[in-house]
There are 2 protein chains.
Amino acid sequence: MTERLSIQKVAEKFEVTQRTIRYYEERGLIKPSRNSGGHRSFSPKDVTRLGLVFRGKKYGFQLDEIKEMIHLFDQDPSGVRQLERTLDYGHEKLREVDDRIHELQELRAEMRQWLVKFEEELRERRGDPV
Amino acid sequence: MTERLSIQKVAEKFEVTQRTIRYYEERGLIKPSRNSGGHRSFSPKDVTRLGLVFRGKKYGFQLDEIKEMIHLFDQDPSGVRQLERTLDYGHEKLREVDDRIHELQELRAEMRQWLVKFEEELRERRGDPV
DNA sequence: TATACCATTTACGTGAACGTAAAGTTCAAC
DNA sequence: GTTGAACTTTACGTTCACGTAAATGGTATA
């Protein structure tokens, strides 16, 4: 009794519209199976995969990039060569994520500084003791 | 002799097209001054400001959000009330950045795990010693 | 099996962030 | 002062990630 979900249930789960889910299928990010009547039927694996997609989106990746990444995650490369190529790609993506983190930390530091400066300004105007 | 730049120079500096620069002006993100002939003339301050815009973009913020943020950065709020509101907004934005960093770190951890798994797989197939 | 509510595809619409082309104006160098 | 490159505005075009509507067909329950 594997929990198969309708498109509506999936859409509710991720708080998006059905259109979004269908669009992701259109773009080749997912391929849910169909029942006898042609309705989409989502396996837990399909749902997990969609989770990856939404996470990727949250991080600001494009759908095409996400597509590449999830194909990495769910394919079991046959040969050693293929496995090596896949690993290289994975390391590259990891470095990209590292860079993003680093840049965000720089932005954070800048904002902190700016906030501290303004807080000092506020204390002065209020005449609060330091 | 303050280094005033043409739109072309600025575009080259940031590796974008002139259209992009003009679009940012259209949207109210920058307001470079004009020379007697109506051509845009960018002061160092204008350039710095553009730098903020591109950084914001890199982090995945929308132009409207960036607009709010740079207005925050360069305005000197007059009253204490206004200053407080500005600070609140700043803290909110800082938390958003923190959240993004945290999420990216989670993604990073996942990718690391996945890479380690695949590297083990590769060693096994190669028959390498551990 | 009738009814109400799902789901399906097809296809045109939308906002953000520019691209691109046209027609005219200014600048810089000779 | 003429010429060519750089600049200006105006305005329509494009891609991404969906929104939305229409026409049709499947599903569940009384």
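- At the heavy-atom level, Asn35(A) lies under 4.0 Å from the strands shown only through sugar-phosphate atoms.
- Projected onto DNA chain D by closest heavy-atom contact, Gly38(A) and Glu26(A) fall at different nucleotides, the more 5' of which corresponds to Glu26(A).
- To the nearest angstrom, C1' of dT27(D) lies 14 Å from CD of Gln8(A).
- Counting only heavy atoms from C-beta on, Thr17(B) has its side chain closest to dG19(C) among dA7(C), dG19(D), dG19(C).
- With dC16(D), dC27(C), dG26(D) as the choices, the nucleotide that has an atom nearest any side-chain atom of Tyr23(A) turns out to be dC16(D).
- When each of Ser36(B) and Leu63(B) is assigned the nucleotide of DNA chain C with its nearest heavy atom, Leu63(B) is the one assigned upstream, toward the 5' end.
- Asp64(B) is linked by a salt bridge (Lys or Arg N to Asp or Glu O under 4.0 Å) to Arg27(B), counting only residues two or more places apart in sequence or in another chain.
- If you check the side chains of Arg22(B) and Thr17(B), you find no donor sitting under 3.5 Å from an acceptor.
- For dT20(C), its base sits under 3.5 Å from the side chain of Arg19(B) at one donor and acceptor pair at least.
- Atom CG of Leu29(A) and atom C1' of dC18(D) are 13 Å apart (whole Å).
- With DNA chain C read from its 5' end, the first of the two nearest nucleotides for Ile7(A) and Arg27(B) is the one closest to Ile7(A).
- Here dA17(D) presents its C1' atom at 12 Å from CZ of Phe54(A), a figure rounded to the nearest Å.
- Rounded to a whole Å, the CD1 atom of Ile21(A) is 17 Å from the P atom of dC6(C).
- Nucleic acid contact for Lys9(B): none, since no nucleic acid atom lies under 4.0 Å from a heavy atom of the residue.
- Terminal axes of the helix from dT1(C)-dA30(D) to dC30(C)-dG1(D) (five pairs each, C1' rotation axis) are separated by 20°, to the nearest 10°.
- Per the geometry, CD belonging to Gln18(B) stands 15 Å off P belonging to dA5(D), to the nearest Å.
- Comment: Glu3(B) does not engage Lys9(B) in a salt bridge, judged by the lack of any side-chain N to carboxylate O separation of less than 4.0 angstrom.
- Considering only heavy atoms from C-beta on, Pro44(A) stays 4.5 Å or farther from Arg4(A) through its side chain.
- Computed from coordinates, the Arg4(A) CZ to dC6(C) P distance equals 21 Å when rounded to whole Å.
- Rounded to whole Å, atom C1' of dA17(C) lies 7 Å from atom OH of Tyr24(B).
- Atom NZ of Lys57(A) is separated from atom P of dC16(D) by 13 Å (rounded to the nearest Å).
- Phosphate contact (OP1/OP2 of dT8(C), side-chain N/O of Arg40(A), threshold under 4.0 Å): present.
- The residue Arg22(A) sits close to a base: some heavy atom pair falls under 4.0 Å.
- With contacts defined as side-chain heavy-atom distances shorter than 4.5 Å, the pair Gln62(B)/Lys67(B) does not qualify.
- Using a 4.5 Å cut-off on side-chain heavy atoms (C-beta onward), Tyr23(B) and Leu29(B) make no contact.
- In summary, Arg55(A) and Glu106(B) do not engage in a salt bridge, as defined by a charged side-chain N under 4.0 Å from a carboxylate O.
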